[in-house]
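Before any comments, here is the structure.
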Amino acid sequence: MLTVAEVSVAFGGFQALKDASLTVGAGEIVGLVGPNGSGKSTLLNVIAGVHVPKSGRVELDGRPLPLGSIAGVAARGLGRTFQVPRLAQRLTVFDNMMAGAGNQPGERLFDLFLRPGTVAEAEKANEARAVAILKRLDLLHKANGIAGALSGGQQKLLTMGVLLMADPKILLLDEPAAGVNPVLIDQQVAFLKLLRDEGRSILIVEHNMEMISSVCDRVYVLDAGSMIATGTPAEIRANDDVIRSYLGQPA
Amino acid sequence: MISFAIYALTIIAIWSVMAISLNIQFGMTGLVNFGQILPFAIGAYAVGIGIEAGIPWWAGILAGLVAAPLVGLLVILPARRQSQDYWALITLGAGELFRLTMLNVPSIAGGADGVTISRLGDRNLALGLAVGLLVVAYLVGQRISRGPLGRMLRVIREDEVLAATLGRNPMAYRMKVTVVTWAMAAAAGILFGYVVGYIAPTSFLVTDTFLVWTAVILGGPGRNIGVVIGAAILILLSVSTRFMAEWSGLPSDLVANLRLAVFGLVLVLMFLFRPQGLFPETREVRDVDGR
Ligand SMILES: Nc1ncnc2c1ncn2[C@@H]1O[C@H](COP(=O)(O)OP(=O)(O)OP(=O)(O)O)[C@@H](O)[C@H]1O
Ligand SMILES: [Mg+2]
């Protein structure tokens with residue numbers, strides 16, 4: 001479904017990614033691990049249209065993704081979270097959720113002023129979805145508070161909720177477990193599997209190997225901008241190169 | 001005295017429309033438009049030029065309402081990939097460019113002498129029209145503010161990368177906002193022309209943009225009723241300084257400059273002590289617990 005082929009990215013003279021490739025199949029959960037600064041977030045940013053690679057291809061469903069166009073990539077059904085949560089800080093949790101829903105008639109001037117019925121109907125449907133998702137994320141009691149007042153872990157969960165409102169086919173998650181308490185991580189793992197069972201594909205960047213092992217079908221290992229290994233979580237844990245470059249590293 | 005009160009209310013209503021226009025741009029969307037006077041001037045000049053050219057009154061009005069949003073799009077298009085600092089400079093420059101052109105090319109609209117418009121003789125009618133326009137502008141502002149569009153505009157204001165990540169093109173939204181708000185400001189300018197009966201470059205100064213900004217910052221960016229109250233306070237302050245000039249015997253341009261200093265002071269005090277304005281932006285509270 002998602003194909004990244006030989007992507008290279010340079011920041012000035014610094015080579016952040018060197019011919020990195022990966023694929024994510026339909027209904028697959030794929031992990032991406034590697035030391036700090038190895039280029040994981042950079043790779044997600046290339047896929048999501050934030051950085052334009054120096055060379056390489058990125059395709060979704062066999063068609064190239066618009067390089068460097070964040071909105072263009074999103075419109076193709078790709079949703080992503082950021083390592084540092086991005087939210088509309090001064091808006092309520094509920095409004096953040098509502099903004100996540102795509103194709104809203106009420107954002108078009110014509111419909112907003114001339115078709116109030118259509119707008120109200122769409123709002124109602126989105127409200128019901130937002131309530132259901134907030135419930136699942138255990139954030140419903142915060143619905144009317146501003147997003148900026150949530151704790152770090154809650155903000156991570158909310159960005160996930162906003163993403164789900166957009167109903168993407170494929171999700172890129174940058175460290176969804178960092179700063180989230182272990183009980184919630186277990187809930188997240190169950191949640192991600194549920195999303196997969198709904199037919200979505202997921203690419204997760206994560207340092208928490210336990211989470212990676214319990215949720216991923218396959219894992220890629222990035223080291224200094226190059227893919228050095230790929231396999232099942234068990235294979236990766238047993239791989240000497242990986243142990244040397246990453247797992248063996250004191251945390 | 002009554003006739004003065006009617007005139008003051010008319011002027012308050014006109015500048016309130018300007019404040020709502022800027023509120024949608026800056027308060028909701030985060031657009032730093034330092035050329036807010038430009039669409040107002042375009043509206044007024046369209047009427048003036050129309051009269052000089054001998055076209056029917058409604059055609060002049062229509063021309064103003066169409067020209068202002070078009071010019072707005074032309075002005076902001078070069079700023080599409082730039083930050084809001086650039087946006088501020090380009091709108092400021094465009095406003096001044098227009099005024100200086102009108103000043104220095106007398107063949108367009110009389111240069112410094114300006115154009116005389118057959119002014120609305122009936123002051124009550126003028127007030128009625130101004131209040132009517134304000135009501136329409138307020139309803140439009142509220143519909144945007146309370147609806148899905150306003151929500152997305154605020155997301156763009158807070159974090160445009162987030163908006164793009166949600167599949168929205170922030171520039172497309174800025175263009176929508178510009179079309180609506182510049183037409184709104186043009187309508188205010190058209191009415192201003194008919195109320196005052198005379199249009200000259202001195203009516204459209206950077207300081208007038210400054211007045212509208214002060215109204216928005218004072219009243220509460222993001223809150224339509226707040227910026228209307230902000231505009232009312234400042235216009236009342238303005239007209240009362242005019243009385244003060246007569247009463248104190250100070251030269252009128254000194255008093256005019258003092259008025260600007262007072263506006264500046266209002267801005268500084270608001271930034272320091274109450275950046276959310278007198279009437280802060282509200283948040284919709286939803287009843288979600290019942291479900
Ligand atoms: N916009 C940028 N400009 C310059 N250098 C950058 C930029 N973004 C990333 N880098 C550099 O590229 C390298 C890879 O960064 P990246 O954020 O992709 O790492 P990461 O694998 O996500 O690390 P972490 O696990 O700490 O999040 C780092 O050395 C970083 O300093
Ligand atoms: Mg990272």
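This structure is a prediction, so every number in the text was calculated from the model and none was measured. Convention: sequence-line order gives letters A, B, ...; per-chain numbering from 1.
A side-chain donor-acceptor contact under 3.5 Å links N103(A) and R108(A). Side-chain N/O atoms of R86(A) and T81(A) include no donor and acceptor closer than 3.5 Å. For the residue pair Q187(A) / R136(A), no side-chain donor-acceptor distance below 3.5 Å is found, with atom types taken as modelled. A donor and an acceptor atom, one from each side chain of D111(A) and T118(A), are nowhere located under 3.5 Å apart.
Of the atoms belonging to V180(B), it is side-chain heavy atoms, and not backbone ones, that fall under 4.5 Å from chain A. Using a 4.5 Å cut-off between heavy atoms, P168(A) makes no contact with chain B at all. For L134(A), no part lies under 4.5 angstrom from a heavy atom of chain B. Contacts of I156(B) with chain A are absent, with no heavy-atom separation under 4.5 Å from either backbone or side chain. For a residue to count as touching a neighbouring chain, one of its non-hydrogen atoms must lie under 4.5 Å from one of that chain's; by this rule E123(A) touches chain B with the side chain only. For chain B, the nearby part of V119(A) is the side chain; its heavy atoms alone come within less than 4.5 Å.
Residues R129(A) and E127(A) are not paired through a salt bridge, judged by the lack of any N-O separation under 4.0 Å between the basic side chain and the carboxylate.
Separation of atoms CZ (R157(B)) and OG1 (T29(B)) is listed at 8.5 Å; rounding is to 0.5 Å.
Counting heavy-atom pairs under 4.5 Å between each of Q89(A), Q104(A), R80(A), R90(A) and chain B puts R90(A) at the top. Chain B forms more heavy-atom pairs under 4.5 Å with one residue of A74(A), G79(A), A48(A), A88(A) than with any other, namely A88(A). Put simply, of E281(B), K176(B), R154(B), the one with the most heavy-atom pairs under 4.5 Å next to chain A is K176(B). Ranked by non-hydrogen atom pairs under 4.5 Å with chain B, the options D95(A), L112(A), T92(A), I70(A) are led by L112(A). Chain B forms more heavy-atom pairs under 4.5 Å with one residue of L109(A), L163(A), V73(A) than with any other, namely L109(A). In terms of non-hydrogen atom pairs under 4.5 Å with chain B, the most contact-rich of A122(A), A166(A), A101(A), A120(A) is A101(A).
Using a 4.5 Å heavy-atom cutoff, the side chains of F191(A) and L157(A) are not in contact. Side chains of M1(A) and V24(A) form no contact here, defined as non-hydrogen atoms less than 4.5 Å apart.
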